Asker: 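Here's a structure for you.
Keep in mind it's a predicted model, so treat the numbers as computed, not measured.
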Amino acid sequence: MIIPKTIASGLGLAAALIAIGLPPASANNNWSTVNQVDEKGNACPLDDKPDVVCPAVCVTQLSDCPQSLVPSCPNNQEFCADGQCHDQCTDDLQAKNPCHCERSGKKLPDQAIALIPCMSIGNVTIHQYKSWDKKAQTFETCAGEANIANTGDIGVWGTDWDSSVIWAQCPKAPQKMYSFDEKMWIAVFSIIGIVAFLSFAWTLLKLFLERKVRAYYRGQKRPASGSNSGNGNGDAGASKFKDGDIDSENSHLTLDLAKKGEKGSGSSTPPPQDNIFDTDDVQLRGYRNNFFGTFLCIVFYLFSAFWICYMAVLCADYYGSLPAPNDYEFALSHGDSTLGKQTFIVIWVLVVIWFVCLNVYKNRLRNFMRIQTLPADGHYVRVERKVEAEIMLEEKSFLLDAVRRCEKFMRWFTGWTVQLTTCPLKKTGQGRLYFTYQCTRYVYNESTNQFDPYSFNLGSKNAEILSQADGLSTEEALLRAELVGPNFIEVNVPSIPMAFALEFMSFFYLYQALILWLFYYYAYYQVGLVNTGVILLSAFIKVVIRIISERRVKRMAEHDDQIEVLRDGEWVKKSTRALVPGDVIVIEKGMHMSCDATILSGNIVVDESSLTGEALPIRKFPIRMDQGNYDREGSGKMNTLFSGTTISQVSATPQVTGDLLANDRVIAIVQLTGTSTDKGKLIQKILFPAPVSFIFNEQLKVVIIILMCYAIIIMGLAIFFYASDSVATWFYGMFCVSQLLSPLLPAALVMGQSLATWRLRHKKIFCVDPPRIIIAGKVQIFCFDKTGTLTKEGLEFFGGQPIVPDDSSKDVSATKFEHHKENYNELNPLMRMAIGGCHAVTDLNGQLIGNPVDIEQFRATGWTISDDAGEYVDTLIPSEDSPDSSPIHVIKRFEFVHARMSMSVAILDPTTGHVHIFVKGSFEKVRELADPNSAPADYDQATSKLAREGCYVLALAHRDLGAIDPLTIREWSRDELEKDCSMLGLLVFKNKLKPDTTEAIGELKSGNTRTVMITGDTALTGVYIARQCGMVPEGNRVLLADVNKKTNEIEWTDVDSQEIVEDFSSQMSGVGEDGWPNVELAMTGKAFNQFDEMGVLPDILLNTRVFARMTPNDKVRCVQLHMARGITAMCGDGGNDCGALRASHAGLALSDAEASIVSPFSSSNRSVMSCVELIRQARAGLATSFAGYKFMILYGQTMAMLKVNTFYFAISVSQPLWIFIDAIITVTIAGAIAFSPPAKKLAAYRPTARILGPQTLSSTIGLVLINWIYVIGGWFWLFSQHWYRCNQFDSSGVDLTKWYLLGDNFEAQTLAFICLFQFVHNGFVCNFGHYYRRPFFRNYVLIVIWAAFVAIISIALLANPNRLGCWMRLNCGDPDVLKDLGYSVPVTVEKYNNEIHHNVMPTEARWKLWGICISNMVAVVVWELIVVLYPVRNWLRQKRPLRRLKLKL
């Protein structure tokens, strides 16, 4: 994110300037003067202070020294300027003159030059020591030790220069400064100067070389460059894509095609291809490499590495790890720690600016190092495409709108409003320019000066396509290959190092790295190492998931095999990469299709399970020699082989049979290759998805801004309290920023998603896009496909209902329905013959192949297919228990065509010699084809009744041709074969619900999720299934909208009574038990589209339960309309609903087919309960993510509270304690929170997704306020203790940059214990809530960790001095002091940094402090349970409900 990072850089820069501008000094307690009065206001008893160093007494002549301090040296020694006697006074000793106060040269005042010391006084003990009067007491005691009577005659160094005798009470030594002729600075300035000079020189050169191009795009005449490229309709050298339809009058490419083609249709002009760039939001820019620019780019990389190495050197220098003559710290800064730290601050800020700029302009930087040209004149083409992220659950608020406006401005300012992709510009073998963008080739057209995608239309008629069966010439194939590119979709999966590099290019990783440098530098490297490990682990998880997903796509996308191709009239072996539209190829068993092709000759059985999820292979047939329309998605689907499918069986047609093309091989003609195929488009959508942003992410930006503002306030407090020490102020302030906005925050969010992904995998639900898990947790509407999703995979044969003459009617042509007969053998002979022969089933090694309905129909007969059909298409043999004994022969067959909704066969009955025509199809279509008088009067009512009962109904029609020559039939067209038929009867199938569908729908509805059906089946069947599974509540009426065929107007019908409803809206007034209308709506695809065109669909969308007869595109549109109203999930089998699965917020494919990868979620377990499991785990994952987020925010707030108090009292906690908090408590609890298992049942509410929502804010703000109250209460308690008031910590003499020396006191200890319990308990409280996750006590990992931490801290507080407490410097002290207090010495510790040399509280006080901490824990539990989660929240829910989308479940 740009805004937070920019603020962070500005904050760091401002603080750095403050740090450099203010002189360093010591700090003072800001509350009161310490140790003067006790809790009752009485003066504190004063102690002695031993070993106080007396300042030197300085004079201009040794004779002026006080009598007791006149130097007296042994024989052969002389008194030197260091105040000691030596054999010889060397220059080094002279330089140690204490009267010069570590100053020399111009920094030494003139009055001090002649000063020399008297004999030193030594150390003294000050009786009744007063810290607030330290200087005066020191002078008085030292004067007394030296027997100096008139102390008033002695002046002080720097103020009383007129005195003859001066105390050398030196002010702080002036800070050392670089001369800047050190080797380090010479190297730094040289490197920076070289980079700056090269950058400036390159900029001038670039402006000069681009002057003509810039002038051209300003509307001037194009320069004569000798190249014919570019167009002038873009801004600043931008060229816009247009469609790839090139007319023959203005394109020599098209003329070449026309000349080389032997068939008009096969060599026609390439038609326009769907072009994602057909918009003004896309522009092109050309760039050419330049040696100077490339060299400068390398210099930039090396310069970045230089900064990193320099930071590492400064860190090593801080710890004294650099080789130095005297082996001391801060060797680079002449041993001056303040100067060394100031150097680090300046360099750190410069590093921040450098890397932020690199990150912001990373997509433009490389092209800045190139020379801009017209698009066709360069070596590279940069595609600039405006992309707007879809925001899910978008809402309006002042803060959010303000942040978005700022972000929009920053994006505009930094050029992030467009998506940039740089593509190499290449040449084909014929010299044509092209580049590949998103796996699609764009070829330069000289006549229009445009880069266009190409496709080839081989014809829309069957005859046109068959006329190209002779294949292509080599020359023409090469030409087409140049235009469409290779038939290969290359998916580049980065190596693990490269994947890590790409992952770490985001802003938050940069922020984390910059903060970690502070940790590594400022004596906090232990926590830096732990945080680095956690960040690397979370990044590793994300990278592994990404690589696994991309490798799966790579396996799906990339395919290369050898195939026989007809070129120049000869069959040759070619790679599938070389295939182009128009190539004629041989189809062989076991072949994996790498293109979309139309079958020219032969029958094929193909396994499309990898593409559609359909388990059974499908039989496909060649196109016929007629003028029928070819539509590969419609009527030609049964004649088309699709990329990604596998050939199971092939059968050639060596002899001419009717209107079929004869060939010894099974051949097909290539229609589409690469990304033009359905599979290619699918892969393209996977590789280049549209950006999506969740409301969580949007509000997180606001939170980060708020935290940054808070950090500025904390920084201001640090400046106010530590104004005397600017270096410490800067470091403390930046640590506040890092702890308020923890570098571990993204890791905490990723942890919840990763564990949810892992749990889903164990349920056989696979996730390729983990961030979608939190979106799935907010699903409000769940759309379902019917067949194979809600119902079982296939249909079950449910008998038939023959149509027979109605003997009771006076009309001799009248017919009626017989009773429905479930048993096949009970049907009449014609019905049995129709059922046994009117299908396209074939037998492949004992497995029936074909349409699933046909297979179920044929399987119900018990018949078999003969292996030797002879001259017939098929020979079918009745079973032994069948009433029929004689085989029948299929003479001719027209396969089922979706556009006609029918199929037909001609069957020879050997027993009679008669030829029978049977037509099978939808009951509506067959009635249209048959004699109207042959349909019973109650035909519509009977079919509707069956449909309402959930039956899948087909109709049969029949014509008896008598005993004619079968050969005459083979020449008949489809229309000739199907005319003059009479209705024969109905075939009935049932699509039964899956066993757990009803339970799953019930759980979703109880979980406040609306369920909707979007099916391609009939509306009545859909309504029946919706009622059966509980989607439509029991007792509710259903009104169906359909388009009247006569009037072409929408008509509403009551599904049960079949009555026309004139005004459906008036029927919606009745209210059921659930408070919603007791009328449900359903509509057909035609009505849906008409409603959509009228613009009224949104008004009735959420009242519509069943959408029937929906095409794949209709399903996508329906899902998109639901998405506009709420978070929408889609569940299907991954076949024709791939588009809807991809479009939805959370698509779940109940399939493990390749096509299912288009969906974020897929399940190999085809149970509808997978939907429930997904929502259950997703809600838990969302709740866990929020718990982790809230814990990290509370961690930052508690840390800020701790910091503010340490600033105020000029204290700190010990270094081990910081490590314990940041490296142990925070990391382990943040990880343990994610282990909360999901709830067993879906709750009636969804978890919040708004981090600025009332629940999150009330919880966070409430906990923070309670914690503050207890911290303040702890101070009042401490200041009321008699053992404390006269033992306060005096930090006036402590160097604040050495923060680790500020924790050995009662103030720091009290604050530490209260905050330790708060840090630990914050995580415990964040685990509350049982709506979406199991009760908190079921998170055993967190409970154990929480209990362990509480026990550890309690032991450190309540127990006598022990190893644990002493390690954290809590309730411990110097060994001799502990012995004097009556305690054993658990371990030797570094000497305590306070006057009493311990911080052991009395036992009673420890228990009181423990009680305060425990009551703090209880208070936050009460707040969370009573106010945030249960009684108060539920009451407010009823009184002031949030404005949510209200849905009838």
Asker: Okay, side chain of His916, backbone of Leu830: is any donor-acceptor separation there less than 3.5 Å?
Answerer: no
Asker: I need the single residue from Thr598, Asn639, Asn462 that forms a side chain to side chain donor-acceptor pair (under 3.5 Å) with Tyr630. Which is it?
Answerer: Thr598
Asker: More than 12 foreign heavy atoms under 6.0 Å from OH of Tyr952: is that the case here?
Answerer: no
Asker: Are the side chain of Lys786 and the backbone of Gly1016 linked by a donor-acceptor contact shorter than 3.5 Å?
Answerer: no
Asker: Report the distance from atom CG of Asp980 to atom CG of Leu929, rounding to the nearest 0.5 Å.
Answerer: 11.0 Å
Asker: Can you see whether Ser882 engages Ser879 through a side-chain donor-acceptor pair at a distance of less than 3.5 angstrom?
Answerer: no
Asker: Crowded around Lys992 NZ? As in, over 12 foreign heavy atoms under 6.0 Å?
Answerer: no
Asker: Quick one: do the Thr911 and Asp909 side chains pair a donor with an acceptor below 3.5 Å?
Answerer: yes
Asker: Between the main-chain N or O of Thr1015 and the side-chain N or O of Asp785, is there a donor-acceptor pair closer than 3.5 Å?
Answerer: no
Asker: Please find out if less than 6.0 Å separates the ring center of Phe797 from that of Phe989.
Answerer: yes
Asker: Could you tell me whether Asn823 atom CG has more than 12 heavy atoms of other residues or ligands within 6.0 Å of it?
Answerer: yes
Asker: Do Asp568 and Thr474 meet the criterion of a side-chain donor-acceptor pair at a distance under 3.5 Å?
Answerer: yes
Asker: In terms of relative ring orientation, are Tyr872 and His889 parallel, tilted or perpendicular, with 30° and 60° separating the classes?
Answerer: parallel
Asker: When you look at CD of Glu880, are more than 12 heavy atoms from neighbouring residues, nucleotides or ligands closer to it than 6.0 Å?
Answerer: no
Asker: Would you check if there is a donor-acceptor pair between the side chains of Asp560 and Ser575 at a distance under 3.5 Å?
Answerer: yes
Asker: For a 4.5 angstrom cut-off between non-hydrogen side-chain atoms, does Phe858 reach Ile865?
Answerer: yes
Asker: Any Lys/Arg nitrogen of Asp583 or Arg567 sitting under 4.0 Å from an Asp/Glu carboxylate oxygen of the other?
Answerer: yes
Asker: In this structure, which one of Arg632, Gln671, Lys679 forms a side chain to side chain donor-acceptor pair (under 3.5 Å) with Asp596?
Answerer: Arg632
Asker: Within this structure, what is the CH2-CE distance for the pair Trp863 and Met833, rounded to the nearest 0.5 Å?
Answerer: 6.5 Å
Asker: Any carboxylate oxygen within less than 4.0 angstrom of a Lys/Arg side-chain nitrogen, looking at Arg893 and Asp874?
Answerer: yes
Asker: Pairing donors with acceptors under 3.5 angstrom, does anything connect the side chains of Asn629 and Lys461?
Answerer: yes
